[in-house]
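Working notes for the structure below.
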Amino acid sequence: MESAAVDVSEIEECSKNDKELKIVRELKEKGKEREDERRGAKSSSVIEKGDSVLLKNLPGNKLQTNFGRTEYEVIEKSGPAVTVVD
């Protein structure tokens, strides 16, 4: 039975990669938080029964607005899914 010899440089390389991945994850999370704040994004947990919401339009032409004009009232919420009434 042969044992595989582990080179010290391989261990150092792995720890460098782990540190780089950690830094990349932190930067990605910071960027996401900054963009969400800039857009005024809110998590779906903020939407509750009785709130008024707008429905997103299906993709059309580039001049079409992102959301419809009709406001709907939330009557039921189950996880990220909501039931609305006109």
Side-chain angles (χ1 to χ4, degrees):
M1 205 172 161
E2 290 182 33
S3 65
V6 178
D7 189 15
V8 175
S9 63
E10 290 178 15
I11 294 172
E12 290 173 355
E13 186 68 29
C14 287
S15 65
K16 284 181 187 177
N17 288 341
D18 290 342
K19 289 177 186 177
E20 290 172 358
L21 285 174
K22 183 178 178 183
I23 291 170
V24 168
R25 284 186 191 118
E26 288 173 358
L27 290 173
K28 187 173 182 178
E29 184 63 30
K30 270 187 184 177
K32 181 187 179 316
E33 289 172 2
R34 193 176 305 121
E35 184 62 19
D36 286 348
E37 184 178 330
R38 186 186 72 79
R39 290 186 300 119
K42 297 178 182 175
S43 71
S44 66
S45 63
V46 175
I47 298 173
E48 296 177 356
K49 187 175 178 181
D51 287 348
S52 293
V53 295
L54 299 174
L55 295 183
K56 189 166 186 172
N57 288 330
L58 295 174
N61 63 36
K62 64 182 180 180
L63 299 177
Q64 184 180 11
T65 60
N66 290 333
F67 295 92
R69 294 181 178 173
T70 308
E71 287 189 13
Y72 296 90
E73 183 181 347
V74 176
I75 58 171
E76 183 181 342
K77 182 172 189 262
S78 175
V82 295
T83 305
V84 296
V85 66
D86 193 6

Can you tell me how far NZ of Lys77 sits from OG1 of Thr83, rounded to the nearest 0.5 angstrom? 11.5 Å
Can a salt bridge be assigned to the pair Lys22 and Asp18 using a cut-off of 4.0 Å between side-chain N and carboxylate O? no
Same hydrophobic cluster for Ile75 and Tyr72, using side-chain heavy-atom links shorter than 4.5 Å among ILVMFWY? no
Which heavy atom of Ile47 sits nearest to which heavy atom of Val74, and what is that distance? CG2-CG2, 3.9 Å
Determine, step by step, whether Glu35 and Arg38 satisfy the salt bridge (charged side-chain N to carboxylate O under 4.0 Å, His left out) criterion, reporting the C-alpha distance in whole Å, the side-chain angles of both residues, the deciding distance to 0.1 Å, and the verdict. CA-CA 5 Å; Glu35 184 62 19; Arg38 186 186 72 79; 2.6 Å; yes
Taking the side chain as every heavy atom from C-beta outward, state whether Asn57 and Thr65 have any pair of such atoms under 4.5 Å apart. yes
Looking at every non-hydrogen atom in both residues, tell me the closest pair between Pro59 and Gln64 and how far apart they are. C-OE1, 4.1 Å
Looking at Glu33 and Lys30, does any basic side-chain N land under 4.0 Å from a carboxylate oxygen? no
Counting only heavy atoms not in Arg69, do more than 12 sit closer than 6.0 Å to its CZ atom? no
Counting neighbours of CD on Glu37 that are heavy atoms of other residues, nucleotides or ligands and sit closer than 6.0 Å, is the number greater than 12? no
Heavy atoms from other residues, nucleotides or ligands near CG of Leu27 exceed 12 (cutoff 6.0 Å): yes
Examine Leu54 and Val82 and state if one hydrophobic cluster contains both, with Ile, Leu, Val, Met, Phe, Trp and Tyr joined whenever side-chain heavy atoms are less than 4.5 Å apart. no
dist Lys28:NZ -> Ile23:CD1 (nearest 0.5 Å) comes out at 16.0 Å
